[in-house]
Amino acid sequence: MEPIKKLITQANTQINHEREQFSRNLGITGIQMSVIDFMANHHNHVSQQEIEQEFGIRRSTTTIMIKRMERHGLVHQIPDPTDKRKKLVELTDKAIQLINPIKEFIKNDDLQIRQAFSDDELAVACKILNYIREDQLNG
């Protein structure tokens, strides 16, 4: 039997490839698609720190990503009404127009996987993935 983490890595590579293919049709990258979806789930604006936590990336990486998204007209920064020293990242109208196709892709992609397995099988898979994720966070 192949190592589980090896299979997960290979599956992740395939997931990223499919995400990149779809996002390219929208004129964005896969990570930009993920960030837009995350922000759309949070009323179209979040702090940089929330992005860092959601995607498990460093502050410097997040800053570069936000700057690129600003250059492409997908986000802009606004003052945080609760703390004037901080800024929030907000989706632009250009990015808001991409929300529906992104959500549809994510929904259909998830549905395709869910239809291939029983609820019990999915529960076991989720248990394994959550175990690995929590182990990495705590390790």
Side-chain angles (χ1 to χ4, degrees):
M1 181 181 291
E2 289 195 69
I4 291 174
K5 287 187 177 181
K6 177 183 176 186
L7 292 172
I8 291 170
T9 299
Q10 291 170 338
N12 188 52
T13 299
Q14 180 62 28
I15 291 165
N16 288 335
H17 176 72
E18 291 169 6
R19 182 181 66 177
E20 287 295 333
Q21 277 187 312
F22 175 78
S23 63
R24 214 174 295 131
N25 292 330
L26 299 176
I28 59 176
T29 66
I31 190 66
Q32 289 171 344
M33 181 177 93
S34 296
V35 170
I36 290 169
D37 180 60
F38 172 68
M39 292 177 66
N41 294 332
H42 291 85
H43 308 292
N44 298 340
H45 64 274
V46 295
S47 69
Q48 178 171 329
Q49 197 172 34
E50 289 173 303
I51 294 171
E52 293 164 13
Q53 290 172 352
E54 174 69 13
F55 296 99
I57 53 180
R58 286 188 234 113
R59 184 176 184 173
S60 58
T61 303
T62 308
T63 299
I64 291 167
M65 180 181 61
I66 291 169
K67 294 292 181 203
R68 281 191 184 132
M69 290 181 77
E70 279 183 311
R71 279 197 307 274
H72 289 98
L74 299 170
V75 299
H76 60 268
Q77 295 187 51
I78 59 170
D80 185 334
T82 62
D83 186 345
K84 297 298 179 194
R85 298 169 295 171
K86 296 181 181 180
K87 292 191 179 219
L88 296 175
V89 182
E90 183 175 64
L91 293 177
T92 63
D93 289 342
K94 179 179 178 180
I96 289 170
Q97 292 176 358
L98 300 175
I99 292 171
N100 286 340
I102 289 170
K103 290 212 173 287
E104 190 69 20
F105 170 79
I106 292 169
K107 182 182 91 178
N108 289 337
D109 187 49
D110 189 62
L111 186 61
Q112 182 180 3
I113 292 171
R114 288 180 183 279
Q115 288 177 338
F117 300 96
S118 71
D119 288 345
D120 289 342
E121 290 169 322
L122 290 169
V124 170
C126 288
K127 184 176 180 179
I128 293 167
L129 294 172
N130 282 321
Y131 173 82
I132 293 169
R133 180 179 63 188
E134 294 303 316
D135 186 49
Q136 296 302 315
L137 293 175
N138 297 325

*Can you check side-chain contact (heavy atoms from CB on, under 4.5 Å) on T9 and K6, steps first, answer last?*
CA-CA 5 Å; T9 299; K6 177 183 176 186; 5.7 Å; no
*asked:* By the definition side-chain contact (heavy atoms from CB on, under 4.5 Å), identify the one residue from M39, E90, Q53 that meets it with V46.
replied: M39
*Does a sphere of radius 6.0 Å around CG in D83 hold more than 12 heavy atoms from other residues, nucleotides or ligands, not counting ones at 6.0 Å or beyond?*
yes
*Check the surroundings of atom NZ in K86: do more than 12 heavy atoms from other residues, nucleotides or ligands lie under 6.0 Å from it?*
no
*Apply side-chain contact (heavy atoms from CB on, under 4.5 Å) to the pair N108 and E104, showing each step before the final yes or no.*
CA-CA 6 Å; N108 289 337; E104 190 69 20; 3.5 Å; yes
*Distance (rounded to the nearest 0.5 Å) between I66 CD1 and T61 OG1*: 11.0 Å
*Does L129 belong to the same Ile/Leu/Val/Met/Phe/Trp/Tyr cluster as Y131, with side-chain heavy atoms less than 4.5 Å apart forming each link?*
yes
*For the side chain of Q48 and the backbone of R59, is there at least one donor-acceptor N/O pair under 3.5 Å apart?*
yes
*Quick one: side chain to side chain donor-acceptor pair (under 3.5 Å) partners of Q97, sequence neighbours excluded?*
none
*Any chain of hydrophobic side-chain contacts (each under 4.5 Å) joining I128 to F117?*
no
*Does any non-hydrogen side-chain atom of I106 lie less than 4.5 Å from one of R19?*
no
*Output the distance between atom CG (D110) and atom CD (Q115), rounded to the nearest 0.5 Å.*
10.0 Å
*State yes or no: do V124 and I8 share one hydrophobic cluster built from I, L, V, M, F, W and Y residues joined by side-chain heavy-atom distances below 4.5 Å, directly or via other members?*
yes
*Answer with yes or no whether the side chains of Q14 and Q10 bring together a donor and an acceptor at under 3.5 Å.*
no
*Flag yes if more than 12 heavy atoms outside Q49 fall under 6.0 Å of its CD atom; otherwise flag no.*
no
*Once you round to the nearest 0.5 Å, how far does CG of L98 lie from OG of S23?*
10.5 Å
*Spacing of E52 atom CD and E50 atom CD [to the nearest 0.5 Å]*: 10.0 Å
*Output yes when a side-chain donor or acceptor of K94 lies under 3.5 Å from a complementary backbone atom of H72, and no otherwise.*
yes
*Is the F38 ring parallel, tilted or perpendicular to the F55 ring (thresholds 30°, 60°)?*
perpendicular
*Are R68 and I64 side-chain neighbours, meaning at least one heavy-atom pair lies under 4.5 Å?*
yes
*asked:* If you compare all heavy atoms of L74 against all heavy atoms of I28, which two are closest, and at what distance to 0.1 Å?
replied: CD1-CG2, 3.8 Å
_More than 12 heavy atoms from other groups under 6.0 Å of CD1 on I4_ = no
*How close do A40 and I99 get, heavy atom to heavy atom, and via which atoms?*
CB-CD1, 3.7 Å
*Taking all heavy atoms of V75 and all of L91, pick out the closest pair and write down the distance.*
CG1-CD2, 4.0 Å
*Quick check: are there more than 12 heavy atoms from other residues, nucleotides or ligands sitting under 6.0 Å from CG of D119?*
no
*What's the spacing between S34 OG and I51 CD1 if we round to 0.5 Å?*
11.5 Å
*Can you get from M69 to I57 by hopping between Ile, Leu, Val, Met, Phe, Trp and Tyr side chains that sit under 4.5 Å apart?*
yes
*asked:* Would the distance check show the side chain of D109 and the main-chain N or O of F105 forming a donor-acceptor pair, the cut-off being under 3.5 Å?
replied: no
*Under the 3.5 angstrom rule, does the side chain of S47 hit a backbone N or O of L88 as a donor-acceptor pair?*
no
_Nearest-0.5 Å distance, CD1 of residue I31 to CD of residue E20_ = 9.0 Å
